[in-house]
*Asks:* 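Dumping the structure here so I can ask a few things about it.
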Number of protein chains: 2
Amino acid sequence: MSDAAPKKTSQKPTRKEATSRAYHHGDLRKALIDACVHLIEDKGLEAVSVREVAKLVGVSPAAPFRHFATRTALLTAVAEEAQERLGASIADTLRAAAQETPLMQFRAIGVGFLRWSFANPTHFQVISSRSVIDYEGSRLRSRNDLIRVRMNELMCDAASQGLLRPGDIKRYQIAARAMVYGLARMYIDGQFPSWGLPVEGALAESIKVLDLFIVSISMAVALDGNL
Amino acid sequence: MSDAAPKKTSQKPTRKEATSRAYHHGDLRKALIDACVHLIEDKGLEAVSVREVAKLVGVSPAAPFRHFATRTALLTAVAEEAQERLGASIADTLRAAAQETPLMQFRAIGVGFLRWSFANPTHFQVISSRSVIDYEGSRLRSRNDLIRVRMNELMCDAASQGLLRPGDIKRYQIAARAMVYGLARMYIDGQFPSWGLPVEGALAESIKVLDLFIVSISMAVALDGNL
DNA sequence: ACCTGAACACCGTTCAAGT
DNA sequence: ACCTGAACACCGTTCAAGT
């Protein structure tokens with residue numbers, strides 16, 4: 001009798017098992033995060049208010065505070081979800097390049113970063129606006145460090161295989177990250193049109209800029225053209 | 001009688017001529033901008049409220065709206081002042097490099113940008129957080145364009161003098177800007193310690209990263225070491 | 001001409017009370 | 001266990017009224 005199916009489920013019969021905290025129509029925590037993303041897309045990051053998010057979801061202004069201690073915590077959760085997807089995007093690009101040289105895999109990380117950032121400008125914006133999220137007190141820092149460690153490994157491999165022009169390996173990594181991060185910021189800040197580039201071409205151009213750098217630290221001088 | 005000096009100046013006898021709008025102790029507009037900068041330094045950009053700025057200066061909550069139509073307008077004024085100084089910093093570095101090659105003058109713009117950004121992180125933060133300022137509806141855009149035009153001129157000169165490795169000149173500029181902008185962001189976001197670099201060495205390291213790039217687009221292959 | 005005081009519609013957050 | 005309603009101290013902004 002105890003393991004009989006309860007008949008009290010007067011809600012929806014099709015219940016997703018992934019949802020944990022249930023309220024009157026599913027998973028409030030997830031619903032709040034999604035609504036927050038939509039609100040950012042609509043009105044911008046600064047316009048996000050917990051009350052507005054609550055209203056969008058259809059709960060009282062106090063309800064979100066059962067799941068997020070603070071407005072910052074809500075936005076940090078959005079950032080964490082975003083970084084999860086960014087990590088997946090980079091992993092995909094990296095997997096596709098698994099047979100290539102360490103330097104090309106290093107490049108693949110940059111390409112994955114650019115591809116994801118350009119395709120998900122809102123999420124990228126949340127990740128990179130640290131004044132509004134709790135970067136240190138979350139898994140964002142350690143997640144980010146994982147990528148950096150991978151970059152370092154690939155760089156060391158590339159150096160030991162003689163693929164790199166002699167120079168400071170750490171500096172190469174800083175340069176690559178600065179460049180790729182700067183390109184993504186230029187895109188979401190709408191700076192590409194100022195350079196006479198249509199927005200559609202921004203990703204392709206950014207990858208070419210990245211390749212310019214990769215070639216410049218590469219030992220293979222002949223490796224230019226359609227890399 | 002009409003051009004006689006009025007005796008009604010019961011305020012301060014030592015009156016700066018640069019100040020325009022006078023209130024009970026000088027120039028409210030300027031006082032608000034300064035207080036706003038201090039508030040950002042103390043509590044961060046997100047914590048800026050017009051009321052708090054007004055309280056710091058000692059006026060009523062409504063007083064600032066006589067000078068700035070909106071909170072955004074106040075922060076935009078801070079950004080404009082910041083960019084004025086950034087422009088001056090770049091002009092200084094550029095003047096010091098007036099005798100050098102176009103490519104080295106191009107580099108000087110980057111160095112000036114880095115130097116100023118690292119020395120004035122708060123102001124740089126305001127300039128670069130476009131969601132909180134009115135970038136288009138201000139002189140920020142056109143001011144910024146001036147620097148970009150100068151960069152383009154120098155790049156064209158460098159190319160016609162045979163100083164550049166063959167390649168897309170526009171791409172070189174985008175790469176340089178992305179790199180320099182990314183380095184500044186990495187600095188204010190506190191990313192340098194993650195790369196094992198002390199904060200004091202961040203500027204020097206950033207300039208070296210910039211030089212790495214300059215050398216890579218330069219025709220003079222032998223131009224390395226202590227550039 | 002420039003500022004104040006009071007008001008309006010918001011906001012984040014807390015907490016007792018409901019189911 | 002999860003949510004509501006009311007409350008508190010804030011906020012941006014407006015506007016009539018003061019000097």
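Chain A is the first sequence line, chain B the second, and so forth, proteins listed ahead of strands; every chain is numbered from 1. Everything numeric here is computed off the predicted structure, so don't read it as measured data.
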*Asks:* What is the distance, rounded to the nearest whole Å, between atom CZ of B:R66 and atom C1' of D:dG12?
*Replies:* 16 Å
*Asks:* In whole angstrom, give the distance that lies between atom CG of A:L45 and atom P of C:dC11.
*Replies:* 15 Å
*Asks:* Side chains of B:S128 and A:R185: donor-acceptor distance under 3.5 Å anywhere?
*Replies:* no
*Asks:* With under 30° as parallel and over 60° as perpendicular, where do the rings of A:Y172 and A:F213 fit, or are they tilted in between?
*Replies:* perpendicular
*Asks:* In the structure shown, which nucleotide is the Watson-Crick or G-U wobble counterpart of C:dA17, with both distances under 3.5 Å?
*Replies:* none
*Asks:* May I have the distance from B:F65 (atom CZ) to C:dG5 (atom P), rounded to whole angstrom?
*Replies:* 16 Å
*Asks:* Would you call B:E136 and B:R130 a salt bridge, taking side-chain N to carboxylate O under 4.0 Å as the test?
*Replies:* no
*Asks:* Taking pairing as Watson-Crick or G-U wobble with both contacts under 3.5 Å, can you name the mate of D:dC3, or confirm there isn't one?
*Replies:* none
*Asks:* Take atom CG of A:L56 and atom P of C:dC11, then tell me their distance rounded to the nearest Å.
*Replies:* 11 Å
*Asks:* Does A:T70 have a side-chain nitrogen or oxygen under 4.0 Å from the phosphate oxygens OP1 or OP2 of C:dG12?
*Replies:* no
*Asks:* Between B:R51 (CZ) and C:dA9 (C1'), how many Å, whole number?
*Replies:* 12 Å
*Asks:* First locate atom CD1 of A:I33, then atom CZ of A:F68, and finally report the distance between them rounded to the nearest 0.5 Å.
*Replies:* 4.0 Å
*Asks:* May I have the distance from A:F68 (atom CZ) to C:dC11 (atom P), rounded to whole angstrom?
*Replies:* 18 Å
*Asks:* For B:H67 and C:dC2, is the shortest distance between a side-chain N/O and OP1 or OP2 below 4.0 Å?
*Replies:* no
*Asks:* Heavy atoms under 4.0 Å, any strand shown: does A:R71 hit a base, just sugar-phosphate, or nothing?
*Replies:* sugar-phosphate
*Asks:* Between A:K55 and B:P61, which residue's closest nucleotide on DNA chain C lies nearer the 5′ terminus?
*Replies:* B:P61
*Asks:* Among D:dC3, D:dC11, C:dT4, which is the nearest nucleotide to the side chain of A:L28?
*Replies:* D:dC3
*Asks:* Separation of A:L32 atom CG from C:dT13 atom P, in whole Å?
*Replies:* 14 Å
*Asks:* Strictly by Watson-Crick or wobble contacts shorter than 3.5 Å, is anything paired with C:dA9, and which nucleotide is it?
*Replies:* none
*Asks:* Could you check whether the rings of A:F124 and A:F113 sit parallel, tilted or perpendicular, using 30° and 60° as the cut-offs?
*Replies:* perpendicular
*Asks:* Round to a whole Å and report the spacing from CG of B:D27 to P of C:dC2.
*Replies:* 10 Å
*Asks:* Is there a side-chain contact between B:S60 and the phosphate of C:dC3, meaning an N or O under 4.0 Å from OP1 or OP2?
*Replies:* no
